[in-house]
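Taking it in order: structure first as structure tokens, then the write-up.
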2 protein chains.
Amino acid sequence: MLKEERQQLILQKVNRERKILSKDLSEFLKVSEDTVRRDLNELAGKGMILKVHGGALATRQKIYTYDEASISNLEEKKTIAEKAVSLIRENHVIIVTGGTTNFELVSMIPDHLSITVYTYSLSIAMILTEKPNVEVLFIGGKLLKNAQVTVGIDVIKALSQVHADLCFLGTSALSVTEGLTEINYEVSHVKKAMIEASDNLVLLCTEEKLNMVERYKVCPISRVGTVVTSLSQNTLKRKYANFLATGVDFI
Amino acid sequence: MLKEERQQLILQKVNRERKILSKDLSEFLKVSEDTVRRDLNELAGKGMILKVHGGALATRQKIYTYDEASISNLEEKKTIAEKAVSLIRENHVIIVTGGTTNFELVSMIPDHLSITVYTYSLSIAMILTEKPNVEVLFIGGKLLKNAQVTVGIDVIKALSQVHADLCFLGTSALSVTEGLTEINYEVSHVKKAMIEASDNLVLLCTEEKLNMVERYKVCPISRVGTVVTSLSQNTLKRKYANFLATGVDFI
DNA sequence: ACCAAAAATGCATAAAAACGCAGAAAAATG
DNA sequence: CATTTTTCTGCGTTTTTATGCATTTTTGGT
């Protein structure tokens with residue numbers, strides 16, 4: 001690997017994750033920590049990163065992909081993503097919505113895994129360009145500016161032509177009685193279409209979304225195949241027995 | 001093999017594979033590494049590649065963020081973008097391809113301007129989410145990972161339903177005899193469809209792309225409405241009279 | 001203040017680049 | 001057409017660069 005190539009990778013990783021350890025870089029790039037340090041020194045010399053003891057920090061503040069430092073409950077979301085990624089099998093066709101939990105999910109897809117991903121989120125698509133064996137199909141339509149996802153009739157029509165094994169939905173709110181609900185009207189329709197297009201529905205759900213209800217209905221809880229949370233089975237039994245009683249698979 | 005011929009091959013290979021080793025080039029071209037290095041030095045002198053220890057990298061990198069530091073010929077591109085943005089009128093429907101020059105163009109769209117933009121580039125779409133009065137329609141399809149644009153039959157089909165006032169195309173290569181040509185086969189097809197969908201074709205073209213030819217034909221020069229360069233009319237007359245003779249409007 | 005981890009330093013080695021040169025080929029010149 | 005000049009290319013030599021390892025120094029936490 002060329003030195004500049006390596007430095008580009010470092011820069012990319014630092015800017016994405018806000019911070020990075022020399023040790024991790026050394027392992028990731030398969031070079032000695034010495035070399036990593038030299039690279040970090042050069043990049044820091046150009047002001048492209050901030051070198052600190054043990055690694056480096058990003059200097060750039062404005063980034064368009066998600067900035068992990070600004071994701072709330074990052075650890076919880078990483079736990080969820082880790083569980084969720086284990087549901088994906090070689091050659092699967094999956095649909096992924098937007099949101100920070102799904103962002104962690106696609107970041108964790110291993111390099112060797114060959115799958116096809118449909119998505120309507122710009123940031124998710126960007127991350128996926130780095131996965132060598134993932135075929136990405138972007139669902140076009142009207143761009144919703146705040147969420148950076150496409151919506152509208154074009155999206156629904158495109159989804160009607162799709163057949164996926166799994167659908168990973170970010171969750172706005174989940175309740176036993178109202179099922180899955182959504183803040184945004186247009187997004188609720190797109191999610192319905194995504195569910196229609198998939199054999200199996202997986203919800204990525206942080207604890208704060210449980211027992212919540214939003215304005216627009218997406219689907220009843222019976223339609224959900226699997227809910228992925230960061231909670232242990234014990235905690236679930238203790239605090240969320242009402243969900244377990246619905247028969248939906250919680251992992 | 002002619003020197004020029006060899007350098008064309010190098011350029012192609014670098015742009016296609018993003019990086020290349022001198023050693024591999026030497027073997028591939030059946031010349032000494034010395035000669036390869038001399039070629040790389042010449043190309044790097046013209047800013048067409050980035051020469052590094054062990055080989056070379058493409059100057060055209062992925063744009064993840066609005067990181068102006070990594071854009072080559074930034075000033076030239078800003079000049080071009082400034083001229084180009086003045087062609088846009090209130091309520092226009094425009095199509096924009098990818099590339100760094102278009103990136104500058106959309107960045108310069110004033111906040112008050114109400115227009116509709118079709119694009120197939122993730123980075124362009126991301127920038128446009130910041131423009132309050134721009135309606136963005138993203139053209140979905142298979143994602144080309146290095147360029148971060150969508151291609152394929154879905155893109156062509158979607159474009160067949162579009163009617164735009166203006167089409168701003170980034171330019172890979174422009175010559176009087178071969179017209180507009182493109183490095184990537186799939187992109188060449190998408191560009192054809194974009195041209196079909198528009199009343200008026202505008203090329204954003206840095207000087208280094210003039211009198212160059214790539215493998216895949218997009219359209220003859222007669223189909224081009226306006227070419228936007230950073231050059232003055234005087235310079236154009238002096239150095240590029242052959243283009244002016246075609247009757248195409250150069251600004 | 002002590003200790004483990006991280007960083008700097010010096011050194012060795014291999015790879016790549018630069019340099020100078022020479023011969024062959026191509027282009028220019030009279 | 002002959003010959004002079006220029007360009008192109010490869011080779012041997014020297015210089016520079018990149019990288020890892022061993023050793024010493026610094027740092028930050030407890």
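Letters go in sequence order (proteins before strands), and every chain restarts at 1.
A:Lys209 meets the side chain to side chain contact (heavy atoms under 4.5 Å, CB included) test with A:Thr171, A:Cys205, A:Thr206; sequence neighbours excluded. Residues passing the salt bridge (Lys or Arg N to Asp or Glu O under 4.0 Å) test with B:Glu27, sequence neighbours excluded: none.
Applying the salt bridge (charged side-chain N to carboxylate O under 4.0 Å, His left out) rule to pairs touching residues 239-248 of chain B yields B:Glu207-B:Lys239, sequence neighbours excluded. Counting only residues at least two apart or in different chains, salt bridge (charged side-chain N to carboxylate O under 4.0 Å, His left out) contacts with residues 240-249 of chain B are absent.
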Please step through side-chain contact (heavy atoms from CB on, under 4.5 Å) for the pair B:Val52 and A:Lys3, ending with a clear verdict. CA-CA 8 Å; B:Val52 298; A:Lys3 193 182 75 160; over 6 Å; no
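Taking for each of B:Lys23 and A:Lys23 the nucleotide of DNA chain C with the nearest heavy atom, the 5'-most of the two is the partner of A:Lys23.
A:His92 contributes a side-chain N or O that, together with a main-chain N or O of A:Arg89, makes up a donor-acceptor pair within less than 3.5 Å.
Atom CE of A:Met212 has 12 or fewer heavy atoms from other residues, nucleotides or ligands within 6.0 Å.
For C:dA7, neither phosphate oxygen OP1 nor OP2 lies less than 4.0 angstrom from any side-chain nitrogen or oxygen of A:Asn41. Regarding contacts with the backbone of C:dA6, every side-chain N or O of A:Ser22 stays at 4.0 angstrom or more from both OP1 and OP2.
The overall bend of the helix from C:dA1-D:dT30 to C:dG30-D:dC1, read as the angle between its terminal helix axes built from five base pairs each, is 50° when rounded to 10 degrees.
As a whole-Å value, the separation of B:Leu21 CG from C:dA14 P is 20 Å. The distance between atom CZ of B:Arg37 and atom P of C:dA17, rounded to the nearest whole Å, is 5 Å. Residue B:Leu40 contributes atom CG, which lies 10 Å from atom P of C:dA18 at whole-angstrom precision.
In this structure, the ring of A:Tyr120 has its center no less than 6.0 angstrom from the ring center of A:Phe138.
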Using a 4.0 Å cut-off on protein heavy atoms (strictly under), produce a 5'-to-3' string for nucleotides 15-30 of chain D with B for base contact, S for backbone-only sugar-phosphate contact, and - for none. --SSBBBB----S---
